[in-house]
Amino acid sequence: MGGEALEAARREKLQKIRQLGLDPWGGRFDGHEPIARIRQREKEIRMVAPGDCQIGHPPQEQGPHVRAAGRIVLQRPTGKLLFLNIRDWTGQIQVLIGQRQVGEKNWAVAKCLDLGDLVGVDGELKHTKTGELSIFADALHFLCKSLEPPPAKFKGLRDPELRQRMRYLDLAYNEGVLERFLRRTKIVESIRRTLAGEGFVEVEGPTLHAIAGGAAARPFITHHNALDIDLYLRIALELHLKRLLVGGMERVYELGRVYRNEGISPRHNPEFTMLEAYQAYGDYRTMMDLAEKLIVEAIQATGQSLRLPWGEGEIDFTPPFARRTYDELLAEYAKVDPAEPASVVEGARRAGLETAGKHPDVVKNELFETVVTDQLAGPVFVMDYPAAICPLTKRKTDAPHIAERFELFIQGMEVANAYTELNDPDLQEELFRTQLAGLPEEESMARMDRDFIRALRHGMPPAGGLGIGIDRLVMLLTNAQTIREVILFPLLRPEQE
RNA sequence: GAGGCUGUAGCUCAGCAGGUAGAGCAACGGACUUUUAAUCCGUAGGUCCCGGGUUCGAAUCCCGGCAGCCUCACCA
């Protein structure tokens with residue numbers, strides 16, 4: 001039977017439901033408990049002896065009367081008895097519907113049920129002969145017809161394209177998918193709670209920028225008609241949050257979407273969620289402590305231990321996370337002397353990198369990203385970056401070639417990035433002006449933003465700033481090997497008609 | 001953007017030395033008041049991703065396109 005015939009069969013049942021005087025699209029349904037909570041009421045079940053204990057009158061269970069609502073995910077009809085498994089967003093439970101027990105009208109409804117329909121159930125919670133906790137229905141409430149057949153009941157929806165295009169089906173039927181996205185929500189809630197506890201305030205900056213600054217990435221371009229100007233979707237939150245530091249918001253953060261017009265991969269989606277937090281009178285070490293706290297509390301909020309499964313192995317998030325310097329790691333993995341440009345160039349050549357015409361710090365960083373980052377299982381804070389590749393970061397007072405920056409690496413992924421923020425307007429202006437040799441313009445963070453310089457000239461408090469890639473953090477905390485598993489609707493080419 | 005892999009029933013997948021398409025689940029009809037991926041009997045269901053080509057004959061071979069996945073590049 002093809003798709004049309006499958007739908008026709010369901011529409012026929014929809015008509016029968018109408019003929020029974022019921023709305024096949026349901027309506028308000030009050031007083032039902034989440035299935036997980038109903039399952040907890042198992043302990044209220046009591047054994048009751050009917051009078052005296054005689055042969056033929058064994059003790060019987062008596063359980064609480066419960067009301068549930070959910071989607072039918074499995075159906076087992078056995079003559080005048082029907083077993084359903086219904087699922088809501090907290091769990092699943094078996095429902096037993098007997099023709100004699102529910103009466104003729106309810107039984108007529110039961111015969112119209114298809115996999116995927118939404119139903120409400122009233123009944124007694126107790127065990128079947130085989131010991132399965134079940135709701136023994138005494139009333140059925142039809143809540144919504146599903147006109148489309150669900151995916152295969154055991155294997156589910158496997159095709160990665162269909163899983164993304166029809167995320168509703170992925171969520172409704174595939175084991176663990178809804179749970180992972182609910183866990184993402186808990187992580188984000190925990191981050192907000194932690195920041196609030198530390199005295200941060202949340203703000204909303206503009207997403208349409210005249211200058212796409214604060215990071216090195218190609219922006220999406222759009223157009224405002226009334227002003228007749230091109231605008232960019234933001235690629236970072238940084239420069240507006242720092243303006244707010246100037247304005248006196250001493251602890252401020254934004255948790256929101258940024259957009260980068262770059263490739264798509266298991267670790268990249270063109271729009272993704274970023275946290276940026278800025279703390280006046282702090283520095284990058286302050287931010288290190290904050291990053292650690294945000295992550296540890298997020299893990300605790302999901303009810304997990306600090307040793308999390310990751311693929312075949314696990315990640316140990318027990319604080320304190322390792323702290324290593326950039327040069328130390330470069331020396332260890334690339335076998336070069338980080339202080340000697342000639343040694344670094346030699347190492348880069350060994351790694352097969354093109355070095356001609358490139359700034360020494362650009363070469364150094366390409367070598368670092370080629371040889372070191374993949375090896376960092378972490379969590380590890382990599383500290384003290386070459387200054388030339390960090391145009392928004394304060395330099396070390398006693399070592400101006402080193403920027404007070406760290407990145408947090410976990411499983412080779414850059415999860416967080418933090419600076420002691422540069423607040424010297426003259427140096428900032430100079431760095432915006434300097435285009436590093438070997439870097440095309442769109443790959444540079446150096447984009448002149450005159451208003452931002454003006455803001456710095458009015459005095460930005462010394463500060464620490466932290467950015468966290470929320471999607472990647474959620475990947476690590478939910479054992480998701482691709483970013484698409486933690487973004488509800490990742491970018492796909494539109495379906496063709 | 002480059003290379004590799006994949007695309008067959010509503011879903012999950014077989015079939016690909018070229019001979020006219022198959023299973024499981026779902027669906028439909030029948031039996032069944034304790035099943036749990038229920039079971040048993042029966043029925044029906046296809047633009048083999050799209051477009052060309054080779055051939056007597058193409059799901060299968062060739063070319064082009066579309067979509068997804070993986071790797072690489074850019075990026076977080």
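Hydrogens, waters and symmetry mates are skipped; everything else that's a heavy atom, side chains included, is used. Below, chain A is the first sequence line, B the second, and so on; all start at residue 1.
Using Watson-Crick or G-U wobble geometry with both donor-acceptor distances under 3.5 Å, B:rU55 finds no partner in any strand shown. Checking B:rA37 for Watson-Crick or G-U wobble geometry (two distances, each under 3.5 Å) identifies no partner in any strand. In this structure, B:rA27 and B:rU43 make a Watson-Crick or G-U wobble pair, each of the two defining distances being under 3.5 angstrom. Within the shown strands, B:rG22 is the pairing partner of B:rC13 under the Watson-Crick or G-U definition, both distances less than 3.5 Å. In this entry B:rG1 has B:rC72 as its Watson-Crick or G-U wobble partner, both defining distances falling under 3.5 Å. Judged by Watson-Crick or G-U wobble contacts below 3.5 Å, the nucleotide B:rC48 has no partner. Pair assignment for B:rA67: B:rU6, on the basis of Watson-Crick or G-U wobble contacts that are both within less than 3.5 Å.
The side chain of A:Leu157 lies closest to B:rC11, out of B:rC11, B:rC74, B:rA67. Each of B:rC69, B:rG10, B:rU12 was ranked by its minimum atom distance to the side chain of A:Gln164; first place goes to B:rC69. Looking at the side chain of A:Gln94, the nearest of the listed nucleotides B:rG68, B:rA38, B:rU35 is B:rU35. Here the nucleotide nearest the side chain of A:Gln75, chosen from B:rA27, B:rC70, B:rC32, is B:rA27. Residue A:Leu74 has its side chain nearest to B:rA37 when only B:rA26, B:rA37, B:rU34 are considered. When each of B:rU34, B:rU12, B:rG68 is scored by its nearest atom to the side-chain atoms of A:Leu492, the top-ranked nucleotide is B:rG68. Among the nucleotides B:rG10, B:rA67, B:rU71, the one closest to any side-chain atom of A:Pro149 is B:rG10. Checked against B:rG68, B:rA26, B:rU12, the side chain of A:Arg165 finds its nearest nucleotide in B:rG68. Closest to the A:Ala9 side chain, of the nucleotides B:rC28, B:rA67, B:rA37, is B:rC28. Across B:rU35, B:rA67, B:rU12, the shortest atom-to-atom separation from the side chain of A:Glu161 is found for B:rA67.
Nearest-nucleotide mapping onto RNA chain B: of A:Phe136 and A:Pro160, the residue sitting toward the 5' end is A:Phe136. Mapping A:Leu96 and A:Arg158 onto RNA chain B by nearest heavy atom places A:Arg158 at the nucleotide closer to the 5' end.
Taking the P atoms as reference points, B:rG53 lies 27 Å from B:rG46, given to the whole Å. B:rA9 and B:rG24: their P atoms are spaced 16 Å apart (whole Å). One P atom belongs to B:rC56, the other to B:rA14, and the distance between them is 33 Å to the nearest Å. Taking the C1' atom of each, B:rU8 and B:rU54 are spaced 22 Å apart, rounded to whole Å. Separating the C1' atom of B:rC28 from that of B:rC63 is a span of 43 Å, rounded to the nearest Å. Atom C1' of B:rG3 sits at a distance of 36 Å from the matching atom of B:rU20, rounded to the whole Å. Distance noted for atom P between B:rG68 and B:rU35: 46 Å (whole Å).
At least one side-chain nitrogen or oxygen of A:Lys153 sits closer than 4.0 Å to the OP1 or OP2 atom of B:rA26. The side chain of A:Lys80 contributes no N or O atom lying less than 4.0 Å from OP1 or OP2 of B:rU35. Between A:Lys111 and B:rC28 there is no side-chain polar atom (N or O) within less than 4.0 angstrom of OP1 or OP2. For A:Arg493, a side-chain nitrogen or oxygen approaches OP1 or OP2 of B:rA67 to under 4.0 Å.
Comment: A:Glu189 does not engage A:Lys186 in a salt bridge, judged by the lack of any side-chain N to carboxylate O separation of less than 4.0 angstrom. Residues A:Glu404 and A:Lys394 are not paired through a salt bridge, judged by the lack of any N-O separation under 4.0 Å between the basic side chain and the carboxylate. A salt bridge between A:Asp170 and A:Arg167 is present, with a side-chain N of the basic residue lying under 4.0 Å from a carboxylate O of the acidic one. Taking 4.0 Å as the cut-off between side-chain N and carboxylate O, A:Arg192 and A:Glu202 count as a salt-bridged pair.
Whole-Å rounding puts the A:Arg10 CZ to B:rG10 P distance at 14 Å. The separation between A:Tyr173 atom OH and B:rC11 atom P is 13 Å, rounded to whole Å. Between A:Asn269 atom CG and B:rC69 atom C1' there is a gap of 15 Å when expressed in whole angstrom units. The distance from atom CD of A:Glu4 to atom P of B:rG10 is 10 Å, rounded to the nearest whole Å. The CG-C1' distance, from A:Leu162 to B:rG68, rounds to 9 Å in whole Å. Across the protein-nucleic acid pair, A:Ile483 atom CD1 and B:rC70 atom P stand 12 Å apart, rounded to whole Å. Between the CG atom of A:Asp114 and the C1' atom of B:rG10 there is a distance of 12 Å, rounded to whole Å.
Residue A:Arg484 is in sugar-phosphate contact alone, with no base atom involved, counting any heavy-atom pair closer than 4.0 Å across all strands shown. Nucleic acid contact for A:Arg76: base, since at least one base atom lies under 4.0 Å from a heavy atom of the residue. Looking at heavy-atom distances under 4.0 Å, A:Lys126 makes no contact with the nucleic acid at all. Within 4.0 Å (heavy atoms only), A:Lys129 reaches at least one base atom of the nucleic acid. Looking at heavy-atom distances under 4.0 Å, A:Gly467 makes no contact with the nucleic acid at all. Residue-level contact check: A:Asn261 touches neither bases nor backbone, having no heavy atom under 4.0 Å from any strand. Within the 4.0 angstrom heavy-atom criterion, base atoms lie near A:Arg267. Contact annotation for A:Gly469: no contact, since no heavy-atom pair falls under 4.0 Å across all strands. Among the protein residues, A:Pro77 comes within range of the nucleic acid bases, having at least one heavy atom under 4.0 Å from a base atom. Among the protein residues, A:Leu169 comes within range of no part of the nucleic acid, since none of its heavy atoms lies under 4.0 Å from any strand. Using a 4.0 Å heavy-atom criterion, one finds that A:Glu132 contacts the bases of the nucleic acid, with or without backbone contacts as well. In this structure, A:Asn174 reaches neither bases nor backbone, as no heavy-atom distance under 4.0 Å exists between it and the strands shown. At a threshold of 4.0 angstrom between heavy atoms, the contacts of A:Arg260 include nucleobase atoms, whether or not backbone atoms are also involved.
Note: A:Tyr259 and A:Phe220 have perpendicular aromatic rings, judged against thresholds of 30 and 60 degrees for the angle between ring planes.
Remark: the A:Arg100 side chain and the B:rU33 base include a donor-acceptor N/O pair separated by less than 3.5 Å. Contact annotation: side chain of A:Thr128 to base of B:rU35, donor-acceptor pair present below 3.5 Å.
For the pair A:Lys242 and A:Tyr278, the cation-pi criterion (under 6.0 Å, within 45° of the ring axis) is not fulfilled. A:Arg405 forms no cation-pi arrangement with A:Tyr419, by the criterion of a distance under 6.0 Å to the ring centre and an angle within 45° of the ring axis.
Each of A:Lys13, A:Arg10, A:Arg71 was checked for a side chain to side chain contact (heavy atoms under 4.5 Å, CB included) with A:Asp117, and the lone residue meeting it is A:Arg10.
Taking the side chain as every heavy atom from C-beta outward, A:Pro386 and A:Tyr326 approach each other to under 4.5 Å.
A:Thr273 and A:Arg184 form a side-chain donor-acceptor contact under 3.5 Å, judged by distance and modelled atom types alone.
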